[in-house]
Structure formats: C-alpha cells, structure tokens
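Just passing along the structure, written as structure tokens.
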Amino acid sequence: MKKGDHLFLVDGSGYIFRAYHALPPLTRKSDGLPVGAVAGFCNMLWKLVQDARNTDVGVVPTHFAVIFDYSAKTFRNTMYPEYKANRSAPPDDLIPQFGLIRQATRAFDLPCLEIEGYEADDLIATYARLACEAGGDTTIISSDKDLMQLVGPTVSMYDPMKDREIKVAEVIEKWGVPPEKMIDLQALTGDSIDNVPGVPGIGPKTAAQLLEQFGDLDTLLARASEIKQNKRRESIIEHAEKARISRELVRLKDDVPLVEGLDDLVLQPPNGPKLIGFLKAMEFSTLTRRVAEATGADAAAIEAAPVDVEFDGKAHGPDLDEGDAAQPAPAGPAGEAASGPQAMTPAALVTARAEAAAANRIDRTAYVTIRDLATLEAWLADARETGILSIDTETTSLFPMEAELVGFSIATRPGKAAYVPLSHRNGKGDLLGGGELIEGQIPFHDALAALKPVLADRSVLKIGQNIKYDWVLLYRLGLPMAPLDDTMLISYVLDGGSSSGNTGGHGMDKLSERWLGHIPIPYKDVAGSGKSQVTFDMVDIDRATAYAAEDADVALRLWQVLKPRLVADGLTAVYERLERPLIDVIGRMERRGIAVDRQILSRLSGDFAQSAAALEDEIYRLAGERFNIGSPKQLGDILFGRMGFAGATKTATGQWSTSARILEDLAAEGHELPRKIVDWRQLTKLKSTYTDALPGYINRDTKRVHTCYSMASTSTGRLSSSEPNLQNIPIRTVEGRKIRTAFVAEPGHKLISADYSQIELRVLAHVADIPQLRQAFADGIDIHAMTASEMFSVPVEGMPPEVRRRAKAINFGIIYGISAFGLANQLSIPREEAGAYIRKYFQRFPGIRDYMDATKATARDKGFVETIFGRRAHYPEIRSSNPQVRAFNERAAINAPIQGSAADIIRRAMVRIEDALADAGLDDVEMLLQVHDELIFEAPESRVEKAIPVIRQVMEHAAMPAVSMRVPLHVDARAADNWDEAH
DNA sequence: GTGGTCTCCTA
DNA sequence: GTAGGAGACCACA
C-alpha cells in the first residue's frame with residue numbers, strides 16, 4: 001500500500017444486525033429461507049464495488065475487506081467476564097443469514113476476515129493503523145459508535161444505509177467530543193447492550209460536559225471532588241474503577257496479530273460468473289441482472305451455485321451464550337469446531353429461549369415511570385441501540401378510532417420496561433367531565449415528538465401484542481410505525497387451530513401464563529369493572545405503571561420465546577407473507593371505515609317496527625294471550641305445550657326448539673301462527689341487530705363506521721369482524737338487502753365489490769385434483785349442475801331445479817366434512833337417502849374420498865392440517881376417544897385446508913392490491929372491507945373503469961407464484977352507489 | 001352485572 | 001356437515 005491508496009473496511013457483523021432490522025423481511029421464494037439481510041448486504045457491496053470502478057466518484061477503494069466477529073469469547077471476557085453477557089440471542093430468522101453473508105463476501109471475491117479472540121472492531125483498528133502508517137486512507141463502512149474513536153485525518157466512516165459520511169465534525173456533532181475522546185466518553189457512559197458498566201447516572205451529555213471541563217478521564221477521576229453536583233460527584237468517585245475497566249473494554253486493540261496483510265486486500269475486478277452463481281442461488285433476480293449487465297456475463301448460462309445453509313449462527317458474537325444449558329449443539333464449520341462459536345439449531349434455540357423465559361421471573365418493582373423528556377429520550381436511544389422497542393398504548397377506549405391516548409409503555413430488554421403517563425387526570429371530574437391533569441407528566445406533544453422518529457425508524461423493530469390496535473391509534477395521532485412484529489400473530493401462526501384458535505387463545509394473558517409462567521395484572525384490577533369501571537386516565541399512575549409496563553415487558557419476552565419457533569417449525573413464510581404485511585393493510589381499512597346513511601337506517605327501523613307491531617297483535621290474537629315472543633322458552637311452552645302443535649323437538653338442554661326450521665315446517669302444514677312468528681323474528685332481528693345498532697357505530701369525527709378486524713380469532717385463517725360485524729350484513733332476503741343500501745359511497749365516488757366465484761370448490765378441485773371439477777371450472781360451466789349431471793346421469797340442459805339444489809347441497813357438504821346426518825337435515829330427506837347420495841358422490845369422484853381420508857390421517861398423525869400455503873390448523877382432539885368429539889374434529893380438519901386456503905388467497909390479494917393500484921396510478925382507490933371472499937373498495941367515479949381490471953387481476957392471480965392452481969380463479973366485480981347494487 | 005343458551009345473520 | 005359475531009332472554013351471583 002502506498003500514499004493515495006484507499007482501504008475500505010466493511011464492518012460485516014455490525015451490518016448484519018442493522019440490515020436485518022432496517023430492511024423489509026425477505027425470504028427466498030422457493031423455500032422460505034430468510035435472506036433479507038443477505039440481500040441488503042449484497043446490494044451494498046455491489047454498490048461499493050461498482051463505485052470503485054467509477055472514477056467520477058470522489059473516493060475510490062484500492063483495497064477492500066469485509067470483517068466479522070469470530071466468536072463469543074474475546075480477550076475482553078478475560079478482562080471482564082460480564083462483557084456482552086446480557087446480549088439477547090439474535091432473531092431466529094437472522095441466524096442462517098450469518099453464514100450466507102460470509103458466503104456472499106467470498107462470492108464477491110473479497111477478503112472475508114475474522115480472527116479468534118478478537119472482535120471485528122479490533123481488526124478494523126489494526127488495519128486502519130497499518131494503512132495510515134503506509135500513507136493510505138481508510139473508510140470504515142459502519143455507523144457503530146464503538147468505531148468512532150478511530151476517526152481522524154486519514155480515517156473516516158461511512159453509513160451505507162443513510163448514505164452519510166462520518167468524519168471528525170460529525171462525531172463532535174453527535175457526541176459533543178472529538179473522536180480521540182470517544183473512549184473516555186464511552187468509559188463514563190458505559191453501554192447497556194455490551195454490558196460495559198460505565199458510571200451510573202452519567203449519560204452522553206453529562207460525560208461530554210465533564211470531559212470538556214477536565215480534559216480526559218484520568219484527570220476527571222483524579223479531580224472528581226471538584227464536581228459541584230452532589231450525586232454526580234459521589235457516583236464518579238464510587239465508580240471510578242468501573243470507569244477504568246470500561247475504558248479498557250471500549251478501547252480497540254490496534255495490534256491484532258493478522259494473518260492477511262494489507263497487500264492481501266488489493267481490490268480485484270469482480271468475478272461475474274462466480275457472483276452470479278451465488279446471487280441466483282439466493283434468487284436475487286434484480287441484482288443478478290445488474291451484475292450480468294455490468295460484467296458482461298450471460299446470467300442465463302450460469303447455474304445457481306450450491307449454498308450451505310447453517311443454523312448455528314457462526315460468529316455473530318456472544319449472542320448464543322444462553323444456549324449453554326441447551327442441548328449439545330452440532331459442530332461449527334469444518335476446522336473451526338473446537339474453538340468456534342456456540343452452535344445452535346433452531347430447535348435448540350427454541351428450547352433455550354423457552355427455558356430462559358420460564359426461569360427469568362418478572363419483577364414489577366423494576367418498572368419505571370418516565371416523567372421527563374430527558375429520561376424518555378434515553379430510553380428511546382436504548383431502543384435504537386437494541387433495534388427493538390416493545391410498545392403498548394393505554395387509552396380510554398377499545399376502539400382505536402375513537403380512543404384517546406392516556407400513556408404508553410415501552411420495553412427495550414426483558415425486565416427493562418417503563419410507563420410514560422401523558423394524560424392521567426385526578427378524580428375531580430365535574431359536569432364537564434374533565435378533572436385536572438395530574439402533574440409530573442411529559443407534555444403530550446413533546447412526548448409524541450420524541451417517540452415519533454423511533455417509531456418511524458426502519459432499524460428499530462416495534463413489537464406489540466395485537467399491535468394493529470396501537471398502529472391505528474398512533475397513525476391517527478400522526479405517528480406512523482414500522483416495521484412491526486406482533487406476538488399475537490406469531491402465536492396464531494404457530495399454534496392456530498381449534499385447540500387454541502378461539503377467542504382469547506392468543507391473548508396476552510394466556511400466552512404469558514403458558515410461556516412465561518406468569519399471570520399479568522388483570523385489567524379489572526387497575527380500572528375496576530362494571531359500574532365502578534373507570535377509564536384508564538383515571539387510574540393512579542403507579543398502578544398504571546405496574547400494569548402497562550408489564551404488558552410491554554411481557555410482549556417482549558413472548559417475542560423472544562415465540563419468534564424463533566417460526567424458523568424451527570418452518571412457518572416463517574406464513575408469518576412474513578400472510579400475517580405481518582397485512583397488519584398495516586387492515587389497519588388502513590379500519591381507519592378508512594365505510595360511510596353509512598343514517599337516514600336510510602332510521603327509515604328502515606320505522607318500517608320494521610310498524611310491521612313487527614302489526615304482527616305482534618295478530619300473534620297475540622292467534623295465541624289467545626299476550627306473551628314475550630322473543631323468549632324461546634315462553635314461545636315453546638305456548639306452541640308445543642298449551643297449543644299442542646306436532647313435530648316438536650327438544651334442544652340440547654331439554655327446551656322446546658323453536659328454530660326457524662321447525663316453525664317453517666309447521667307453517668308449511670298451513671298453520672298461521674308459526675308463519676307470523678318467523679316473520680316477526682326476521683323483522684325484529686333486522687331492526688335490533690342492524691338498523692338500530694349500526695348508527696351507534698358511526699364515528700363522531702369521521703362520520704363513518706370503522707369495524708375492527710381480528711386477524712387471529714379463527715381456526716382456519718379467516719378474518720373476523722366485530723364492533724360492528726360487517727361480515728354478516730343481510731343479503732338473502734328482500735327486506736334484509738335493504739340494509740345494504742345504507743352502505744354508500746361518498747358523493748362523486750362508487751363502491752366496488754369484487755368477489756371470488758366458488759373459491760372453496762375451486763380450492764377443493766385443486767387440492768383433491770378432481771378431473772371433472774377441474775374441467776368444469778376450466779370451461780366455466782355451472783359446477784352444481786355438472787355435479788348433478790355426473791351423479792344422477794341427467795343432462796345439464798333442462799335440469800329440474802330440485803336436482804341441482806341437491807347437488808349444490810352435497811358440494812357444500814363436502815367442503816364442510818360431510819355427514820349423512822347433516823345432509824339429511826339440510827335437504828329434509830331421510831338419513832338413508834342422504835347416505836346413498838354421499839356413496840354415489842364418492843363413486844363418481846373417488847378422488848374426494850381419497851383426499852378426505854388422507855386429510856384425516858394427516859391430522860391424526862401430526863395433530864394439524866395445512867393450507868396450500870403452509871398455514872397450519874391444529875386439531876389434537878381428533879384423537880379423542882369420544883366419537884362425537886372425534887367426528888367433529890374430523891369434519892373441521894377436512895374443512896380447514898379448504899376454507900383456510902381460500903382465506904390465504906384473499907389475504908395474499910389484500911397484501912398486493914394497494915401496490916398494484918398505486919402502480920396503475922390509482923392510489924385514490926381505497927380498500928374498505930373484506931367479507932371472506934369479497935373485497936369492497938371506494939373509488940372516485942372516474943377511476944372505477946380503470947380500477948376494476950387491476951383488482952380482478954390481482955385477486956385472480958393471488959395464489960401465484962407460491963402456488964400454481966390447477967383451476968382458474970374467477971372474480972366478479974361491479975361498481976355502484978351502494979353495497980346492495982354493487983354486489 | 002356475568003355467563004350460558006338460543007336464535008339468526010354472513011361466507 | 002365448516003367458520004364466525006351479536007342480540008335477547010334468563011338464571012345465576
């Protein structure tokens with residue numbers, strides 16, 4: 001190396017972690033291998049190497065190396081055993097990427113350096129010193145503050161993510177001291193991440209000020225008695241020794257015995273074919289193309305290179321130390337096993353995390369109430385260091401669209417959690433409702449302003465339990481939040497199914513008890529319940545802190561336990577493609593809401609009330625007495641007791657059944673009273689559930705109805721909608737449909753409804769691979785008529801409606817895990833006849849029976865079934881000795897892959913549709929609702945014609961490229977002023 | 001006031 | 001026969 005040469009040193013280990021959190025998660029298409037950080041790394045390296053050949057750019061590297069940490073143990077551990085002892089394990093889907101990034105480096109033909117016993121930073125320090133001595137310059141590709149001590153006249157740093165150079169001036173600007181004092185500064189402040197102790201109570205600001213005053217650490221320690229502030233003085237005197245140890249920990253070693261000298265680092269021209277082979281193996285098509293163009297290689301002629309995927313996390317520092325207690329780990333790469341890193345398989349990591357979580361008890365007394373901005377800033381800085389922020393909002397309402405923020409809690413590491421009260425009030429609320437703001441709370445907007453950049457920071461992962469709620473609320477307050485991880489959704493992906501999928505199955509309390517062995521404070525205990533319940537702003541701040549900080553702490557701990565299971569169980573792709581990207585998509589739908597015309601509902605309510613009143617009079621006349629028609633008990637007594645109608649059946653609890661089915665049968669025999677009761681029920685149902693209830697959900701500010709979608713409450717992967725449920729708005733009767741006319745588009749806009757035609761039958765045709773069904777769907781013919789024609793040997797032409805109706809019932813029955821009992825019930829035919837139909841059906845479509853048998857066998861064998869995208873639904877009770885329980889679980893297990901695959905397909909469509917619309921210049925077309933196989937959009941009138949083909953295209957191809965369906969998907973779409981006409 | 005039961009709305 | 005949510009009633013506390 002000579003004067004004028006320029007050495008680039010990439011801090012590989014540092015980059016991995018930052019890229020992982022900063023970049024959107026990416027998985028290899030073919031097998032779900034997580035490769036997001038690898039992709040970021042390759043793009044960065046390529047850009048750096050390319051710039052090297054472009055002489056227009058100011059800085060041209062002549063020497064180049066990528067440097068990694070070797071292993072857990074370094075000389076610093078000998079000096080201070082606790083060094084980096086409390087680091088948490090890396091995210092599970094990052095682990096395989098450590099090895100891949102080293103392979104990427106070699107594919108670039110760049111030196112990939114690491115030395116046992118030293119950190120990457122020490123090697124960087126050593127090479128930088130050598131380069132300086134040889135008269136060359138050095139650029140360190142990193143933004144790590146630990147490296148800033150090296151910055152000087154010939155050494156600068158470069159942050160590849162922010163495209164920002166860090167020189168002496170930038171260091172001073174950021175830390176208040178020049179680079180040569182960074183060591184002393186860090187010795188004082190310590191580093192919670194690396195477990196460098198420092199002096200308690202001294203942060204960067206104070207440290208800089210002290211160094212300014214005293215010059216350096218030794219002088220400061222010698223003259224500590226001169227410090228005026230009592231606390232500060234005592235702390236420094238007491239912890240002087242810690243400061244000295246800290247200084248030795250943070251001081252980088254610049255005389256590491258190197259294997260490769262500077263001359264080994266001379267930058268070579270890129271080896272196109274070798275690099276392309278690796279990029280192809282990673283399935284990075286864009287970069288492959290770029291490299292091919294730049295190097296003149298023929299990408300098509302190059303085969304993907306073999307790539308080793310290791311799950312042992314080679315040399316990413318001491319992060320896997322917690323694995324000590326876990327199972328024996330497989331050896332590391334050849335030749336490095338003996339002294340190499342703690343090796344750990346995904347399964348071992350899962351075990352280790354679960355054991356650690358169960359062992360680390362929760363200590364509520366350690367939680368902090370943050371009452372001033374500086375403390376909040378310090379916590380948020382910690383989050384930027386860890387790259388992790390567990391967050392939970394406390395509000396006055398369960399509806400995020402109308403809730404007021406009362407405070408929020410954060411956690412950056414297990415046990416380190418705090419609550420930030422913002423608008424707690426004292427109890428002196430008067431007629432105006434107010435009460436006075438309690439003192440000792442950070443001004444609302446100041447706190448949010450501090451929080452905002454961290455929430456938006458792509459390099460800080462925000463973790464929450466049901467984080468969609470917080471996302472919607474915070475977005476409303478002008479605080480967008482990304483990226484996100486949701487412990488509820490992770491649990492849902494891992495353990496979904498009837499055993500845990502029902503309401504509350506993935507709730508925080510349940511998860512905490514199960515995984516942490518800890519029961520969090522119930523909400524009731526802080527806010528009361530029933531009449532005495534108060535909103536959270538009235539809760540005492542100390543009690544609020546215990547409750548709220550615990551939630552953030554628990555969410556973080558759950559995340560540590562649950563996230564690694566995704567990789568171990570092969571469910572990363574399901575989470576990353578079907579859950580995580582949907583959080584903000586659905587959040588936006590909830591935020592938009594849909595306009596509901598109050599006048600229409602009010603008029604309908606009046607109409608329904610009038611008709612129902614008229615029916616009531618007649619019912620009393622026919623019954624000969626007044627009674628509560630809405631009481632099944634009283635009604636049953638009158639109909640089957642006093643009046644003695646025939647055909648009575650009992651419900652499970654021995655009551656007379658008065659279901660519509662029974663009453664219809666009686667009506668069919670010519671009885672007037674049951675008919676009127678059925679009609680009365682329909683009207684009162686429509687009135688109470690819809691026309692009376694819906695106006696109460698119209699938001700005061702937006703004038704729209706904002707339903708809440710639950711992403712984790714079904715066993716199959718469907719969404720559910722509540723408060724109000726907009727997935728059960730009537731459609732089957734003329735009267736009911738009128739309610740749909742109240743769902744309207746804004747003036748100048750239209751509602752677009754796009755729904756999948758027969759999606760579940762198409763999925764069935766695909767998974768069971770039934771030739772006749774596939775053909776029928778390919779030809780676009782009436783599927784129920786085709787079924788009838790096959791079964792009963794009747795031509796489709798001129799088929800009696802009754803024949804088709806029966807075939808249709810059978811088709812649905814198949815999807816539901818058919819039983820003769822159920823089909824008989826549905827069609828009102830004898831059980832024997834229904835059984836004969838089913839036998840006939842299986843005769844004509846033997847593939848269906850094979851599929852059903854295979855599904856049941858899988859469920860019994862593994863305890864779960866899978867959708868075509870790999871989502872699992874667990875049915876452990878399929879092994880029950882109770883025949884009823886077993887049969888029920890068998891039917892559910894047969895239905896789940898069909899219903900669930902359809903649900904996954906529409907989820908995929910929802911994830912893609914916003915971008916597709918935006919790409920077509922239609923970003924003013926907004927998705928509002930999802931009703932299982934239907935999506936509702938609102939669009940300016942002028943956009944409708946252009947939007948419909950885009951929507952249809954996305955929906956019909958939503959399964960691709962993960963699954964190539966054997967049958968086409970078909971979508972019907974229409975636009976109108978209201979939902980009734982659009983559907 | 002809470003929880004269970006019945007009924008009924010949807011895909 | 002599958003998957004949901006909600007309102008009314010009623011017996012329990």
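Just so we're on the same page: letters track the sequence lines, and every chain starts at 1.
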Original post:
If you check the A/Ser715 side chain, which of C/dC9, C/dG1, C/dA3 turns out closest?
Top reply: C/dA3

**OP:** Check every strand shown and say whether A/Ala809 touches a base, only sugar-phosphate, or nothing at a heavy-atom separation below 4.0 Å.
**Re:** base

Original post:
Do A/Thr535 and A/Thr396 meet the criterion of a side-chain donor-acceptor pair at a distance under 3.5 Å?
Top reply: no

Original post:
Which nucleotide sits closest to the side chain of A/Ser631: C/dC9, C/dG7, C/dG1?
Top reply: C/dC9

Original post:
Does A/Ser529 put a side-chain nitrogen or oxygen below 4.0 Å from OP1 or OP2 of B/dG1?
Top reply: no

Original post:
Are the charged groups of A/Glu981 and A/Arg974 less than 4.0 angstrom apart, N to O?
Top reply: no

Original post:
Which whole-number value in Å describes the distance from A/Asp637 CG to C/dC9 P?
Top reply: 16 Å

Original post:
Does CD in A/Gln884 sit with more than 12 non-hydrogen atoms of other residues, nucleotides or ligands closer than 6.0 Å?
Top reply: no

Original post:
Where do A/Arg806 and A/Glu833 land on the salt bridge (Lys or Arg N to Asp or Glu O under 4.0 Å) test, with the steps shown first?
Top reply: CA-CA 12 Å; A/Arg806 294 192 172 197; A/Glu833 201 179 337; 3.3 Å; yes

**OP:** Take nucleotides 4-11 of chain B nucleotide by nucleotide from the 5' end and write B, S or -, depending on whether a protein heavy atom sits under 4.0 Å from the base, only from the sugar-phosphate, or from neither.
**Re:** -SSSBBBB

Original post:
Hey, does A/Gly630 reach any base, or is it just sugar-phosphate, or nothing, if we go heavy atoms under 4.0 Å?
Top reply: sugar-phosphate

Original post:
After noting the C-alpha distance and the side-chain angles of A/Ile848 and A/Ile770, does the key distance pass the side chain to side chain contact (heavy atoms under 4.5 Å, CB included) rule?
Top reply: CA-CA 7 Å; A/Ile848 301 266; A/Ile770 307 302; 3.7 Å; yes

Original post:
Is it the case that more than 12 heavy atoms not belonging to A/Arg626 sit under 6.0 Å from its CZ atom?
Top reply: no

Got a list of protein N/O to nucleotides 11-13 of chain C N/O distances below 3.5 Å?
none

Original post:
Does A/Asn628 make a side-chain N or O approach to OP1 or OP2 of C/dC9 shorter than 4.0 Å?
Top reply: yes

Original post:
What orientation do A/Phe640 and A/Trp656 show, parallel under 30°, tilted 30 to 60°, or perpendicular over 60°?
Top reply: tilted

Original post:
The side chain of A/Phe888 lies closest to which of these nucleotides: C/dG7, C/dA3, C/dA6?
Top reply: C/dA3

Original post:
Rounded to the nearest 0.5 Å, what separation is found between the CG atom of A/Leu694 and the OG1 atom of A/Thr689?
Top reply: 9.5 Å

**OP:** Take atom CZ of A/Arg831 as the centre, draw a 6.0 Å sphere, and report whether it contains more than 12 heavy atoms from other residues, nucleotides or ligands.
**Re:** no

